[in-house]
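Okay, structure first, notes after.
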Amino acid sequence: RPHLAAAVDVFERLGDERGLALALLMQGDDEWTNARTLAAAEKYWAAMPHAELAGDAALVDDAISTLCAIVAFGPTHVEDAEREARMLLERSTGIVAETAAYRTLGRLAAIRGDYEEARELIQRGRERLRDAGLELWHAASSLPAAFVEAHAGDYEAVVRIYEDGFARLDELGEHAFASTIAADLG
């Protein structure tokens, strides 16, 4: 971690906005992978204005996508999380961040018990991924789709969604999301 803090200092001194955004994103990734969600969110939020100043929309969307995951899985109460996810959706400029926000909003709607809204939001995000040719992300989005159906109590739909997602991920040679699906299926 000291090397990441040193990188932040160097890029600040150089006035390198893109480098600073990258260093802050890396700090956020470090916090996120160590399950420190609030510290991670702080780093991702801090990275965004620097990425924007650098004109790097991909870095902005990278921060937004991970912030969406933090909103979905972190300690924020559902109403506050929905507000934050809608704000992130408005700030997104790329399809990956946009669909991450839709998936997050879908999960949160399911937690609230509004399964129709949850299904609509998840489907909107999944269709955009498929339409863009992002097959891996589309297949991986079976995870939030199954989450909604599990909350709705439709376990046959959960199995069907997971089997379809797993099969496509297996065809693509993907293992990280596929292993999560396999674990969920038991």
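Any value given below was found using the heavy atoms of this structure, including those in side chains, with hydrogens, waters and symmetry copies removed. For the single chain, residues carry numbers from 1 onward in sequence order.
Taking the side chain as every heavy atom from C-beta outward, Leu129 and Ser141 approach each other to under 4.5 Å. Two residues are said to be in side-chain contact when any heavy atoms from C-beta on lie closer than 4.5 Å; Val71 and Leu108 meet this criterion. A heavy-atom distance below 4.5 Å is not found between the side chains of Trp32 and Lys43. Using a 4.5 Å cut-off on side-chain heavy atoms (C-beta onward), Asp164 and Arg160 make contact. Under the 4.5 Å side-chain criterion, counting only non-hydrogen atoms from C-beta, Leu38 is in contact with Pro75.
Within the 3.5 Å criterion, the main-chain N or O of Ala109 finds no donor-acceptor partner in the side chain of Asp114. Although no hydrogens or angles enter the test, the distance criterion places no donor-acceptor pair under 3.5 Å between the side chain of Thr66 and the main chain of Ala63. Formation of a donor-acceptor pair under 3.5 Å by the Asp56 side chain with backbone atoms of Arg18 is not found in this model. Judged by distance alone, with hydrogens and angles left aside, the side-chain atoms of Ser65 form no donor-acceptor pair with the main-chain N or O of Ala100 at under 3.5 Å. Remark: the backbone N or O of Gln123 is not paired with any side-chain donor or acceptor of Tyr102 at under 3.5 angstrom.
Heavy-atom contacts from other residues, nucleotides or ligands closer than 6.0 Å to CD of Glu117 number more than 12. Counting heavy-atom neighbours within 6.0 Å of Trp137 CH2, excluding the residue itself, gives a total of 12 or less.
How far CD1 of Ile122 is from CZ of Arg103: 7.5 Å, rounded to the nearest 0.5 Å. The distance from atom CG of Leu143 to atom CD1 of Ile181, rounded to the nearest 0.5 Å, is 4.5 Å. Going from atom CG of Asp29 over to atom CG of Asn34 covers 11.0 Å, rounded to the nearest 0.5 Å. The structure places CG of Leu185 at 6.5 Å from CD of Glu163, a figure rounded to the nearest 0.5 Å. Note: Glu12 CD to Glu17 CD = 9.0 Å, rounded to the nearest 0.5 Å. Here the CG atom belonging to Leu20 is positioned 9.5 Å from the CG atom belonging to Asp9, to the nearest 0.5 angstrom.
For the pair Arg124 and Glu120, the salt-bridge criterion is met [side-chain N within less than 4.0 Å of a carboxylate O]. With salt bridges taken as basic N to acidic carboxylate O contacts below 4.0 Å, one links Arg119 and Glu116. In summary, Glu79 and Arg112 do not engage in a salt bridge, as defined by a charged side-chain N under 4.0 Å from a carboxylate O.
Heavy-atom minimum distance, Ala40 versus Ile70: CB-CD1, 3.9 Å. Between Ala146 and Val158, the shortest heavy-atom contact is O-CG2, 3.5 Å. Heavy atoms only, all atoms of each residue included: Leu59 and Ala21 are closest at CD1-CB, 4.1 Å.
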Handout entry: From CA spacing to verdict: salt bridge (Lys or Arg N to Asp or Glu O under 4.0 Å), Glu127, Arg130
Key = CA-CA 5 Å; Glu127 286 173 359; Arg130 182 184 302 135; 5.9 Å; no
Problem - Chi angles and distances behind the side-chain contact (heavy atoms from CB on, under 4.5 Å) call for Val96, Asp61 - result: CA-CA 7 Å; Val96 173; Asp61 280 353; 6.0 Å; no
Handout entry: Worked check of side-chain contact (heavy atoms from CB on, under 4.5 Å) between Leu67 and Met48
Key = CA-CA 11 Å; Leu67 282 165; Met48 277 200 288; 3.7 Å; yes
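Under a hydrophobic clustering in which Ile, Leu, Val, Met, Phe, Trp and Tyr are joined whenever their side-chain heavy atoms come within less than 4.5 Å, directly or via other members, Met87 and Leu121 fall into different clusters. Taken together through direct or relayed side-chain contacts under 4.5 Å among Ile, Leu, Val, Met, Phe, Trp and Tyr, Trp45 and Leu4 form parts of separate hydrophobic clusters.
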